[in-house]
Amino acid sequence: MTDIYGYAAAAPLYRAAGWMQVIPLPEGRKTPPPSGFTGRSRKPVTDEQVQVWSQATPNANTGIVIPEGVLVLDIDAEQGHQVKADGAKGISELSQELGALPATWSSTSHGIDSPARHLFYKVPEGLAWKGGAIEGVDILQPGHRYSVVWPSIHPSGEMYCWYTPSGSTTSQIPHISDLATLPWKWVDYLRKPEHTTPRPTSNTLISPETGTYDARMCKAINTFLHKTLSNPASKGSRHDTTLQAVWALVNFAQEGHRGALDAISQLKPRFIQEVAPDRQGREREATREWASILSGAMEKVNGVQSHTDPCEQSKIERMTPGEFDELTQNAAASQMEESHPEAVQNTGTMPVQAGSTPVASVQNGSMESHEASKNASSSWQFEDLTQLASGIELPPTPTVFQREDGQGLFYRGAVNDLHGEPGCGKSMLAQIATAQELKQGHDVIYIDYEDSARNVVKRLLLLGVTGEQIVQHLHYVRPSAKPSSPTSLDGWRETLDYADTATLAIIDGVTSCLAYAGLDSNSGDDIAAWYNTMPRLISACGPAVVLIDHVVKSKDNRGRYAGGSMQKLALIDGISYSVDMTKPVGKGVRGTIVIKSGKDRISEIEEHCAVSWSSNGSHLREAARIEINSTDPKLMRVTIARPNMMPSEDRQAKRDDFRPTGLMERISRMLEDSLEEPNQSELFKALKEDGSGARTAVMSKAVSLLLQEGFVSNRSGRNNRSIFKSVRPYRQIDDPKSDAYVDRMSREEASELDDENHLEI
């Protein structure tokens with residue numbers, strides 16, 4: 001995006017990132033904004049309005065009006081500002097009282113070292129805010145002011161830039177969900193005091209101020225709804241929060257909780273009223289959005305709803321059958337120990353801590369390990385370390401998902417994960433591992449929250465698995481509720497029974513799985529609870545559990561773990577892989593997917609990875625290169641190759657990785673349309689006249705890459721100057737190294753699915 005300049009080019013990028021109220025400002029100035037599109041009674045910015053502005057003033061500066069759920073601290077500094085107070089010093093003093101502000105995304109035109117900048121934070125919606133935090137620090141808030149942002153030009157001539165929470169410049173635009181959350185002490189300090197008369201909210205049966213409960217709903221539903229209404233954007237946006245809330249309420253209804261459907265009805269008008277101003281079609285579009293959320297949740301409902309509200313049952317009645325059996329067995333064991341202590345001592349057995357079954361049993365997938373984990377008498381039990389210390393029991397070795405050299409990449413009896421961007425091939429790798437196990441006659445469990453049985457089986461057949469192997473050994477399920485719900489208990493018990501003989505268990509879609517369970521993927525406590533009640537219960541039976549997860553949107557904020565809480569990485573007791581598609585995979589092409597180890601808990605695989613970390617500071621080591629040949633429409637050939645074992649290039653060499661793909665396409669199009677062959681000076685002059693603000697060095701880089709890759713040719717012209725002509729068109733959409741790339745598989749499969757849908761209709 002280094003060649004982006006002006007409002008016309010920037011506005012669509014901001015709207016795609018969730019900043020809908022993006023406005024033009026005079027070129028090289030901060031004011032005035034367009035009339036009627038700022039302030040509390042502002043008109044919504046529509047796609048049509050953006051188009052009108054873009055045509056009228058394509059090179060205008062860009063501003064974003066602050067949306068609900070966002071607050072911006074405008075910090076001035078003495079240096080370079082005509083202000084009476086140093087806002088940077090004032091905010092530092094305020095931090096002594098309220099605690100340090102969390103690192104977040106910021107914007108400034110004054111350079112990386114200047115404290116004068118706009119700090120962007122997520123905050124609860126619906127609150128009223130003060131005009132400033134302290135002298136020299138203003139508050140930009142919904143309905144009041146706007147922020148001038150990249151690629152605008154400051155009156156001083158400097159360009160505004162975005163900075164990541166780590167303080168580095170970036171070409172990425174932050175999504176609202178990427179912003180840090182303002183701590184509650186700061187929220188309480190910056191908000192205005194509440195009015196004595198609470199503002200009425202339409203269709204609200206539960207008052208956040210009084211805590212009054214609706215008699216139609218049980219305690220659990222009242223509490224959940226109250227929490228949702230109090231913070232309607234707690235998951236990053238109203239849409240995501242409402243989506244997860246509706247899913248959770250549908251599950252509550254399945255479990256028999258009274259009033260769950262009434263709660264859903266209460267969410268509907270609130271959602272429509274609050275999101276309609278931000279939608280182009282206003283109430284009509286918001287209503288359709290609600291209908292999509294509700295229908296998606298209801299599609300996940302299967303089975304018969306329980307007729308007994310768990311909130312109205314006794315503690316014993318609320319127990320699941322497994323919990324009740326465990327309680328009675330423990331009680332019986334306690335009575336036996338009291339009356340016949342010698343009988344207990346003579347059994348020679350050691351209670352096994354749940355989730356920590358002895359490794360030798362786990363590796364063999366024995367029934368004893370499954371029964372031990374289910375019948376554990378204590379959740380806090382010191383273990384006998386004699387066998388481990390003598391070397392009789394060794395940690396598990398990786399045997400699942402083998403490379404061509406025989407090195408396995410997943411640990412049995414442990415939780416492993418694959419995480420990466422959408423479309424990077426995570427699920428494909430899981431299905432390749434599944435195909436390997438099925439061909440060897442091993443059982444595989446596939447718990448799928450993202451796809452369908454039809455697509456998974458189609459891929460397995462292409463990978464050479466026979467129909468008989470799929471029917472006999474693949475146990476596929478697409479859950480619609482959490483395992484502990486009444487409609488899921490039988491299926492969950494069946495899953496654990498299959499796990500006793502399975503070598504691999506895939507859980508495809510961690511985020512969706514957590515949503516069905518009513519858990520927050522950003523909460524460490526919720527993540528820990530889920531790991532211990534689902535993935536680890538399965539891995540304790542013997543198979544290698546592989547989680548398929550996503551990464552955070554911002555490349556600059558990514559670490560070695562999947563999106564959400566860092567607790568995800570801490571709880572992996574096998575190996576965690578980052579997935580990257582380095583060459584496009586799809587019909588008719590040969591593609592490559594690379595997996596890199598971010599954490600190897602057992603350290604049996606890492607010694608077989610590349611000798612050095614990735615040079616981007618991510619501490620990732622390449623573990624395998626998966627070559628996928630799809631040139632044969634009836635068979636997908638896969639080679640799981642060893643990694644590139646050569647030491648990675650030094651960081652200085654990596655500076656050459658910069659690739660101005662937008663500018664490359666613009667140059668390619670100019671040369672395609674040119675009647676004459678221009679020299680470099682003529683080409684650069686034409687680019688400047690066409691509105692490009694790129695520096696000469698960047699334009700030279702773009703031309704050099706086009707020459708190296710055969711898109712452009714050159715020859716000697718007048719005065720021995722090189723002149724250029726087009727050889728073949730260059731387009732970002734076809735370049736896997738471009739952010740604008742769309743792989744051919746995605747385009748062809750979308751077209752194929754569209755054709756199938758038309759045929760079904």
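Keep in mind that this is a model prediction, so the values were computed, not measured.
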Q: Could you walk me through whether Asp735 and Arg659 pass salt bridge (charged side-chain N to carboxylate O under 4.0 Å, His left out), step by step?
A: CA-CA 11 Å; Asp735 185 350; Arg659 190 174 179 84; 2.9 Å; yes
(Q) Apply side-chain hydrogen bond (donor to acceptor under 3.5 Å, both in side chains) to residues Thr661 and Glu665 and explain how you reach the verdict. (A) CA-CA 6 Å; Thr661 56; Glu665 179 170 333; over 6 Å; no
Q: Show your working on side-chain contact (heavy atoms from CB on, under 4.5 Å) between Tyr121 and Leu179 and close with a plain yes or no.
A: CA-CA 5 Å; Tyr121 289 99; Leu179 307 180; 5.8 Å; no
Q.
Could you walk me through whether Tyr7 and Asn59 satisfy the side-chain contact (heavy atoms from CB on, under 4.5 Å) test, starting with their C-alpha distance in whole Å, then the side-chain angles of each, then the deciding distance to 0.1 Å, before giving a yes or no?
A. CA-CA 6 Å; Tyr7 176 86; Asn59 296 327; over 6 Å; no
Q) Stepwise, does the salt bridge (charged side-chain N to carboxylate O under 4.0 Å, His left out) test hold for Lys426 with Glu450? A) CA-CA 12 Å; Lys426 304 183 295 293; Glu450 300 289 342; over 6 Å; no
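With hydrogens and angles disregarded, a donor-acceptor distance shorter than 3.5 Å links the side chain of Ser114 to the backbone of Ala116. Between the side chain of Asp178 and the backbone N or O of His175, at least one donor-acceptor pair lies under 3.5 Å. For Gln21 (side chain) and Lys43 (main-chain N/O), a donor-acceptor pair under 3.5 Å exists by modelled atom type. Checked by atom type and distance alone, the side chain of Asn714 never pairs as donor or acceptor with a backbone atom of Ser722 at under 3.5 Å. Listed for the Arg625 side chain is no donor-acceptor partner under 3.5 Å among the backbone atoms of Thr639. Lys599 places no side-chain N or O within donor-acceptor distance of the main-chain N or O of Ser576, the cut-off being under 3.5 Å. Thr38 places no side-chain N or O within donor-acceptor distance of the main-chain N or O of Arg145, the cut-off being under 3.5 Å. Remark: side-chain polar atoms of Arg590 are not paired, donor with acceptor, to backbone N or O of Asn629 under 3.5 angstrom. Put simply, the side chain of Ser54 gets close to the backbone of Val50: a donor and an acceptor are under 3.5 Å apart. Side chain of Tyr577 to main chain of Leu409: a donor-acceptor pair is present (N/O by atom type, distance under 3.5 Å, no hydrogens or angles).
Counting heavy atoms from C-beta outward, Leu671 and Pro678 have side chains that approach closer than 4.5 Å. Inter-residue side-chain proximity for Ile153 and Asn61 is flagged as met; some heavy-atom pair is nearer than 4.5 Å. In this structure, Met699 and Lys688 have side chains that are in contact, with non-hydrogen atoms separated by less than 4.5 Å. Residues Lys30 and Leu25 are not in side-chain contact: their nearest non-hydrogen atoms beyond the backbone lie 4.5 Å or more apart.
Nearest approach of Val579 to Gly425, heavy atoms of both residues: CG1-C, 4.4 Å.
Ring geometry, Trp162 versus Tyr14: the interplanar angle falls from 30° to 60°, so the pair is classed tilted. Taking the six-membered ring for Trp and thresholds of 30 and 60 degrees, Phe711 and Tyr730 have ring planes more than 60 degrees apart, a perpendicular arrangement.
Distance check, rounded to the nearest 0.5 Å: NZ of Lys685 to CG of Leu683 gives 12.5 Å. Residue Thr511 holds its OG1 atom at 5.0 Å from CG of Asp549, rounded to the nearest 0.5 Å. The OG atom of Ser427 sits 3.5 Å away from atom CG of Asp508, with the distance rounded to the nearest 0.5 Å. Atom CD1 of Ile575 sits about 7.5 Å away from atom CG of Asn416, to the nearest 0.5 Å.
His110 and Thr108 share no donor-acceptor pair across their side chains, judged by distance under 3.5 Å alone.
Using a cut-off of 4.0 Å between Lys/Arg side-chain N and Asp/Glu carboxylate O, Arg731 and Glu672 are scored as salt-bridged.
Evaluation of the side-chain hydrogen bond (donor to acceptor under 3.5 Å, both in side chains) rule for Glu68 yields no partner, not counting sequence neighbours. With sequence neighbours excluded, the residues forming a salt bridge (charged side-chain N to carboxylate O under 4.0 Å, His left out) with Arg403 are Asp405, listed by chain and number.
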